[in-house]
Protein chains: 4
Amino acid sequence: MNNSSQIEGQDERHRGSRKRARTRADLLKAARQVFAKRGYHDTSIAEITEKADVGVGTFYLHFRDKDEIFSTLLEEGFCEMRKQIAVALEQIPQERRLASVIRAIFLHAHAQRDLFVIALTGRDGAQLGGVMRAQAGLIEGLTKALEGSSQKHQDEQNLPLLARFISGMIIQGIFWWFEHDEPGPEAMANQVLELLAHGLPVPLLDKNL
Amino acid sequence: MNNSSQIEGQDERHRGSRKRARTRADLLKAARQVFAKRGYHDTSIAEITEKADVGVGTFYLHFRDKDEIFSTLLEEGFCEMRKQIAVALEQIPQERRLASVIRAIFLHAHAQRDLFVIALTGRDGAQLGGVMRAQAGLIEGLTKALEGSSQKHQDEQNLPLLARFISGMIIQGIFWWFEHDEPGPEAMANQVLELLAHGLPVPLLDKNL
Amino acid sequence: MNNSSQIEGQDERHRGSRKRARTRADLLKAARQVFAKRGYHDTSIAEITEKADVGVGTFYLHFRDKDEIFSTLLEEGFCEMRKQIAVALEQIPQERRLASVIRAIFLHAHAQRDLFVIALTGRDGAQLGGVMRAQAGLIEGLTKALEGSSQKHQDEQNLPLLARFISGMIIQGIFWWFEHDEPGPEAMANQVLELLAHGLPVPLLDKNL
Amino acid sequence: MNNSSQIEGQDERHRGSRKRARTRADLLKAARQVFAKRGYHDTSIAEITEKADVGVGTFYLHFRDKDEIFSTLLEEGFCEMRKQIAVALEQIPQERRLASVIRAIFLHAHAQRDLFVIALTGRDGAQLGGVMRAQAGLIEGLTKALEGSSQKHQDEQNLPLLARFISGMIIQGIFWWFEHDEPGPEAMANQVLELLAHGLPVPLLDKNL
DNA sequence: TATGAATGAGCATTCATTCAT
DNA sequence: AATGAATGAATGCTCATTCAT
């Protein structure tokens with residue numbers, strides 16, 4: 001006791017808060033694993049705290065309830081991603097941003113599948129769709145990218161709806177990875193972009209639709 | 001009496017079975033409403049039976065458990081739809097089937113939103129199957145339509161993945177209706193088909209993607 | 001219809017009651033099978049009526065509840081047996097009745113194991129022992145036989161308790177048949193009687209007990 | 001503090017675990033009372049927890065289900081008894097063990113009637129195991145005692161069946177106490193042993209059986 | 001009489017949340 | 001701050017019993 005107080009000195013008052021942050025992180029990490037494996041509803045606080053190797057009560061010292069840790073998990077999980085994408089986009093001219101956003105999303109989704117499982121699998125039930133709420137950010141980003149791309153003609157096009165269509169494709173691409181390994185993120189993005197650029201390959205479509 | 005016995009005959013000989021069928025239908029109808037409002041997990045059998053105005057025990061006379069009524073609901077709900085679409089398609093040449101399928105889906109989805117809410121909202125959680133399983137039929141149908149459209153070049157294209165992209169767009173179109181009334185099913189289908197035919201409108205996209 | 005009314009004639013008014021008796025017998029027979037297989041508590045009225053091939057409601061036309069059919073089953077089942085034994089005993093001198101009772105019981109028990117399963121397995125829980133209540137008749141009969149055998153010295157012996165000991169042996173003999181086929185009823189009775197006559201075989205017992 | 005930590009040490013280091021053990025014991029005690037009063041099937045977990053003065057959920061913190069507390073109750077209840085009897089027997093020569101076992105059983109059964117009610121009343125129903133399973137230990141012990149007593153002639157005698165007869169008598173002796181206070185355990189054992197030694201008292205039996 | 005669909009009290013079981021230590 | 005035993009409301013499900021036909 002004496003010993004440690006001499007060594008750490010100035011950080012003395014922070015030790016508690018550092019430990020606290022560590023516990024919080026453990027809980028979030030555990031929650032990420034369990035939510036991904038079981039889904040929102042079949043995840044119990046007990047399983048999270050077990051995996052995090054803390055007492056049940058400790059959970060409530062850090063999060064109000066299951067809902068809060070769930071939201072926090074997604075928020076913090078996607079926050080970093082959002083930032084990275086935002087920064088990356090700044091260096092890219094308006095007209096090419098859509099393609100970049102799509103590529104970036106697939107890249108991150110491929111690297112962090114578990115987070116996307118959680119987001120897309122959602123806590124459903126809760127009024128109309130975990131999936132939808134999870135998409136909020138995605139759709140918002142796409143809408144902005146689209147708005148950036150088109151300064152004119154906006155009135156003719158239903159931009160938000162278009163953004164939704166694109167997000168729908170992206171989500172399906174990610175779901176695809178739950179069952180297949182190929183194609184990788186680059187190729188996946190290219191497939192989507194090709195479709196966005198020219199529509200279905202000619203032989204698949206009779207132009208008189 | 002004679003008359004009715006001749007007409008109904010076969011499967012409704014007994015008054016009891018007519019009542020029984022009525023109760024079953026009441027339960028399914030109630031379940032449809034409650035599942036749509038609350039989602040799978042927050043729906044209790046009690047709420048279903050209350051809404052159906054029958055005793056709790058009655059539920060178990062007709063369905064083994066919550067899962068069974070859920071499956072039945074979707075199966076029977078989509079069965080009719082599937083049949084109608086299948087019949088309609090027979091009269092349409094291979095090359096135009098994709099467009100017809102998409103139009104038909106939007107038409108039905110618009111008319112029966114609640115059923116789609118339930119299907120898309122799913123009972124998921126349990127191992128990312130929810131939304132995906134619901135899509136199974138959709139994707140399968142689309143894949144077939146695509147295969148029908150393309151006699152050659154199949155090897156070059158990842159058809160199942162393409163079908164997934166399309167189903168993703170359709171689902172987003174349907175979700176859109178949870179928040180907006182416009183555009184109607186026809187226009188919605190046209191938007192999707194336009195995108196599939198030519199890609200994004202030119203001004204939105206810089207061709208150098 | 002015409003036909004049968006001509007043939008049966010005078011019994012016309014009884015047809016209903018004959019049918020009724022038939023149904024009652026079907027229920028009792030079915031109950032016997034089910035109680036023997038499942039035991040009192042795990043037997044449901046539904047299973048009885050199914051096996052009897054009558055409607056559930058019909059059950060309550062003949063028996064007030066599960067308890068009543070259970071009691072009736074045992075009562076009627078053992079009634080015949082009691083009568084037979086009683087008759088047989090009349091021709092036997094007092095001093096040999098005990099042996100005869102024991103032989104008779106084993107004979108009947110061997111022939112009607114299922115009834116004895118039900119009686120001995122009981123509906124327990126209900127305050128202190130189905131087994132005990134089932135034994136009531138048995139013990140009563142044995143006590144009488146004992147009393148008949150001993151006109152004097154009764155004060156020295158606790159006759160009812162002795163009767164209980166004997167009934168205990170008999171019950172174990174019957175239980176033995178649930179697992180083994182040998183020895184048959186004759187030999188089984190002899191084993192018990194030998195024990196009653198001389199005690200354990202000498203080599204098994206050191207006389208200084 | 002030092003003191004207590006030294007004394008208790010081993011398995012009660014934490015205050016929590018002491019409380020936990022207390023609760024477990026409360027539940028077992030309550031279960032013992034309720035099972036004895038109502039029998040297995042008519043005992044509800046609620047009644048146990050009420051009597052133990054704990055919440056319903058607490059029950060499941062200590063026992064998986066009704067079956068488990070039931071088994072535990074008997075196991076732990078008879079464990080001590082078995083040990084005592086085993087120890088006592090070691091100091092007794094082979095030939096006298098049978099008598100000692102019987103005396104010991106009556107002694108314990110008299111002191112712990114409720115436990116025996118539970119054991120003999122059983123949760124049976126389920127396939128005539130109840131009473132029989134409860135006897136398993138009893139019969140096994142008796143069989144061993146018998147085998148010890150007889151070094152020769154074993155082939156002539158059906159020892160297991162004999163053991164069953166004896167266990168049957170003992171059980172009846174115990175049931176007797178549910179209704180009467182006399183005779184006490186010593187006298188009861190003597191009655192049984194007298195019967196085993198010489199058979200029924202002469203006047204009760206005509207030797208020509 | 002016979003039927004079997006309907007009933008609902010009753011019970012086992014889970015799990016988010018609290019709180020004494 | 002951390003703990004984990006305790007809690008009890010909530011829910012799924014069963015089955016003896018009733019009653020309209």
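In what follows, every chain begins at residue 1, and chains take the letters A, B, ... in the order their sequences are listed. Source: prediction; values computed, not measured.
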query: Can you give the dot-bracket line for DNA chain F, using ( ) for pairs inside the strand, [ ] for pairs that cross earlier ones, | for pairs with another strand and . for unpaired bases, where Watson-Crick and G-U count if both distances are under 3.5 Å?
result: .||||||||||||||||||||

- request: Mind running side chain to side chain contact (heavy atoms under 4.5 Å, CB included) on V54(D) and F59(D) for me, showing each step along the way?
  value: CA-CA 8 Å; V54(D) 300; F59(D) 177 92; 5.9 Å; no

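Interatomic distance, CD1 of I48(D) versus OG1 of T43(D), reported as 6.0 Å (0.5 Å rounding). Atoms OG and CG, on S71(B) and D65(B) in that order, are 8.5 Å from each other to the nearest 0.5 Å.
If you measure from atom CZ of F63(B) to atom P of dT14(F), you get 15 Å, rounded to the nearest angstrom. In this structure, CD of E68(C) is placed 14 Å from C1' of dT17(F), rounded to the nearest angstrom. The interatomic distance linking F59(D) (CZ) with dA12(E) (C1') rounds to 10 Å, in whole Å. As a whole-Å value, the separation of Y60(B) OH from dA9(E) P is 16 Å. As a whole-Å value, the separation of R22(D) CZ from dT21(E) C1' is 18 Å. Computed from coordinates, the D26(A) CG to dA2(F) P distance equals 10 Å when rounded to whole Å. Between the NZ atom of K19(A) and the C1' atom of dA2(F) there is a distance of 7 Å, given to the nearest Å. We find that CD of E50(B) is positioned 12 Å from P of dG12(F), with the value rounded to whole Å.
With dA2(E), dT14(F), dA2(F) as the choices, the nucleotide that has an atom nearest any side-chain atom of H62(A) turns out to be dA2(F). In this structure, the nucleotide among dT7(F), dT17(E), dG12(F) sitting nearest to the side chain of L61(D) is dT7(F). Comparing atom distances between the R20(B) side chain and each of dA16(F), dA6(E), dT13(E) picks out dA6(E) as nearest.
When all heavy atoms of F35(C) and K66(C) are compared, the pair lying nearest together is CZ-CG, 4.2 Å. Contact between D114(A) and A36(A) at its shortest, heavy atoms only, is CB-CB, 4.0 Å. Looking at every heavy atom in both residues, L61(D) comes nearest to R20(D) through O-NH2, 3.4 Å. Residues E47(B) and D42(B) come closest through the heavy atom pair OE1-O, 4.5 Å.
Counting non-hydrogen atoms under 4.0 angstrom, T23(D) reaches the backbone sugars and phosphates but no base.
Side chain of E68(C) to backbone of R64(C): a donor-acceptor contact under 3.5 angstrom is found.
Y40(D) and F70(D) have perpendicular rings, their planes meeting at more than 60° on a 0 to 90° scale where under 30° would count as parallel.
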Pairwise N/O distances under 3.5 Å, protein to nucleotides 8-11 of chain F:
from	atom 1	to	atom 2	distance (Å)
dG8(F)	N7	G57(D)	N	3.0

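When each of A46(D) and R24(B) is assigned the nucleotide of DNA chain E with its nearest heavy atom, R24(B) is the one assigned upstream, toward the 5' end.
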